[in-house]
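Beneath this line is the structure, given in structure tokens, with notes to follow.
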There are 2 protein chains.
Amino acid sequence: MPLQPVVRRSVPDEVFDQVLAEVVDGEIGAGETLPSERRLAEVLGVSRPAVREALQRMAQTRLLDVRHGGATTVRDFRRYAGLDLLPQLLVRKGSLDAAVARSVLEARLAIGPSVAALAAERGGETLGALLTACVDELAATDDDVERQVHALTFWDLVVDAADSVVFRMMFNSLRAAYEPALEALAPAMAEEVGQAGAYRVLTAAISAGDPETARAAADRVLRPATDSLVSALAALEQTQEQR
Amino acid sequence: MPLQPVVRRSVPDEVFDQVLAEVVDGEIGAGETLPSERRLAEVLGVSRPAVREALQRMAQTRLLDVRHGGATTVRDFRRYAGLDLLPQLLVRKGSLDAAVARSVLEARLAIGPSVAALAAERGGETLGALLTACVDELAATDDDVERQVHALTFWDLVVDAADSVVFRMMFNSLRAAYEPALEALAPAMAEEVGQAGAYRVLTAAISAGDPETARAAADRVLRPATDSLVSALAALEQTQEQR
DNA sequence: GTTGGTCAAGTGGTCTGACCACTTCGCCGC
DNA sequence: GCGGCGAAGTGGTCAGACCACTTGACCAAC
């Protein structure tokens with residue numbers, strides 16, 4: 001068994017997670033008020049600064065509305081939460097949320113091709129060589145986890161070449177949600193990252209500076225696994241509907 | 001002159017913004033270490049908890065790496081920052097960053113049609129009526145700011161109907177960046193939100209449950225303004241290249 | 001009755017100073 | 001050279017205090 005890094009959870013982290021769970025699971029609905037910082041500190045058995053830090057972090061994520069002198073109220077996270085909340089939503093209570101996972105797959109299928117097209121438009125001279133090297137590495141290994149890492153690097157290069165901050169940040173957010181579960185997802189993604197050929201075609205299109213071909217090639221890289229996983233998740237989603 | 005709400009900036013807010021600016025402007029490069037919390041508190045003339053709160057918020061945004069007992073180092077925000085950083089990047093030092101604005105436009109043009117297609121697939125019975133009501137309101141006013149608000153509501157409904165959390169959160173993040181500048185952008189967006197007819201076509205396609213028509217209609221709503229603004233920004237970007 | 005003022009209670013905002021837990025790194029003895 | 005020790009410096013946490021603000025009840029003046 002591979003040794004795991006020791007997880008060190010600070011007190012504010014713990015508080016953050018607990019309050020977040022209350023909010024996300026709907027225990028405290030939007031518009032309701034949270035207990036006061038002092039009260040929370042007392043109940044949780046921690047100091048007020050610790051509570052405060054956690055609440056401020058939640059406020060920054062637009063999950064709380066903290067008003068000086070007034071009460072702290074819960075906001076509707078569905079309406080206000082940004083993409084950075086994705087990791088917390090994707091894996092809740094230790095298991096993957098099927099609806100969220102489906103949504104992630106849909107999003108990357110929608111966005112990936114557009115990013116590839118932009119990369120084809122704007123990619124510099126060296127891009128082709130970098131991508132090729134990356135695909136070579138992907139093709140050279142048999143390990144699905146390693147393949148995923150290389151696929152991620154591949155897309156990282158593509159996103160860089162697209163030269164669009166918003167896509168860059170979207171990619172960062174998605175990766176932040178994806179990476180922690182990378183090992184667990186290895187079997188699910190094996191189908192996709194095993195197709196080195198598809199990545200080669202995409203690389204060629206991008207290198208050639210042909211946006212529309214690149215868009216289609218990217219679709220061909222992403223669609224098969226997306227489709228099969230989405231239907232698998234749809235089945236799972238039925239099961240999960242115990243909420 | 002319309003009365004403005006009083007802005008009340010807390011000490012940690014102030015610290016957060018200052019440190020963020022240092023990081024985003026590259027004054028402190030990725031990998032470099034920040035002064036210690038005590039030192040920062042002293043230099044900024046505030047208490048350590050205030051500094052701490054700001055730094056923790058930055059760490060949550062993946063902009064800093066805070067290690068117990070060790071130094072606090074700056075991470076490469078280009079590689080790690082999530083979409084929630086968008087507002088801070090879009091308007092820096094009080095003025096709009098052209099490259100970021102261009103990127104926002106590109107992203108919404110890439111994503112909007114896909115969301116519309118999903119909405120057409122999944123939209124319920126009442127969706128059409130809601131969208132129509134929204135477009136009616138949009139068509140009924142002459143004020144460009146109001147029109148934008150209605151357009152935003154329109155897309156809000158579409159995103160809801162698409163029933164995909166990731167797109168929902170992307171939309172939330174984009175809106176959070178967009179709304180503060182809504183008034184300033186009114187002239188730029190007037191062209192788009194003035195085309196009530198295009199929104200009607202899109203509404204019809206979504207109501208009809210026809211994904212591909214909806215995709216094309218959404219493209220037709222978004223593309224004209226996107227194209228003209230992108231070229232305007234390209235010219236501006238030349239000017240801004242004094243960095 | 002409505003308006004506006006006052007005041008107390010409760011909340012978040014901030015500070016101080018202390019101590020704990022951890023990392024770093026140089027010194028020391030082997 | 002190498003392992004271990006320990007001081008110094010860093011972030012983590014706490015307690016308690018006080019300030020600033022909102023809220024709502026109460027009351028006076030119109």
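Sequence lines set the chain letters: A, B, ... in the order given, protein chains first and strands last, and positions in each chain run from 1. This one's a predicted model, so the numbers in the text were calculated from it and none came from an experiment.
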Below 4.0 angstrom, which residues in residues 28-37 of chain B have at least one non-hydrogen atom near DNA chain D? B/Ser36, B/Glu37

For DNA chain D, determine which residues of residues 59-74 of chain B have any heavy atom closer than 4.0 angstrom to one of its atoms, and list them numerically. B/Val66, B/Arg67, B/His68, B/Gly69, B/Gly70, B/Thr72

The criterion is salt bridge (charged side-chain N to carboxylate O under 4.0 Å, His left out); which residues satisfy it with [X], sequence neighbours excluded?
{"X": "A/Asp144", "value": "A/Arg147"}
{"X": "A/Arg67", "value": "none"}
{"X": "B/Glu192", "value": "B/Arg108"}

With [X] via side chain to side chain donor-acceptor pair (under 3.5 Å) - residues at least two apart:
{"X": "B/Asp76", "answer": "none"}
{"X": "A/Asp160", "answer": "A/Arg168"}
{"X": "B/Arg122", "answer": "A/Glu106"}

Under the 3.5 angstrom rule, does the side chain of B/Glu32 hit a backbone N or O of B/Gly29 as a donor-acceptor pair? yes

What is the 5' to 3' range of DNA chain D, first to last nucleotide, that sits under 4.0 Å from any heavy atom of chain B? D/dG9 to D/dT22

Only one of A/Leu152, A/Thr153, A/Val158 passes side-chain contact (heavy atoms from CB on, under 4.5 Å) with A/Cys134, and that residue is A/Thr153

Between atom CD in B/Glu14 and atom P in C/dT14, what is the gap in whole Å? 11 Å

Mind checking ring pair (Phe, Tyr, Trp, His ring centres under 6.0 Å) for B/Phe171 and listing every partner two or more places apart, or none if nothing turns up? none

Give me the residues of residues 38-54 of chain A where at least one heavy atom lies under 4.0 Å from an atom of DNA chain C, by number, or none. A/Arg38, A/Arg48, A/Arg52

Below 4.0 angstrom, N of the basic side chain to O of the carboxylate: do A/Arg62 and A/Asp84 qualify? no

Using side-chain heavy atoms (C-beta onward) and a distance below 4.5 Å, is A/Arg57 in contact with A/Pro12? yes

Mapping B/Arg8 and A/Ser10 to their closest nucleotides on DNA chain D, which lands nearer the 5' end? A/Ser10

If I take atom CG from residue A/Leu34 and atom OG1 from residue A/Thr73, how far apart are they, to the nearest 0.5 angstrom? 9.0 Å

Quick one: ring pair (Phe, Tyr, Trp, His ring centres under 6.0 Å) pairs with a partner in residues 25-81 of chain A, sequence neighbours left out? none

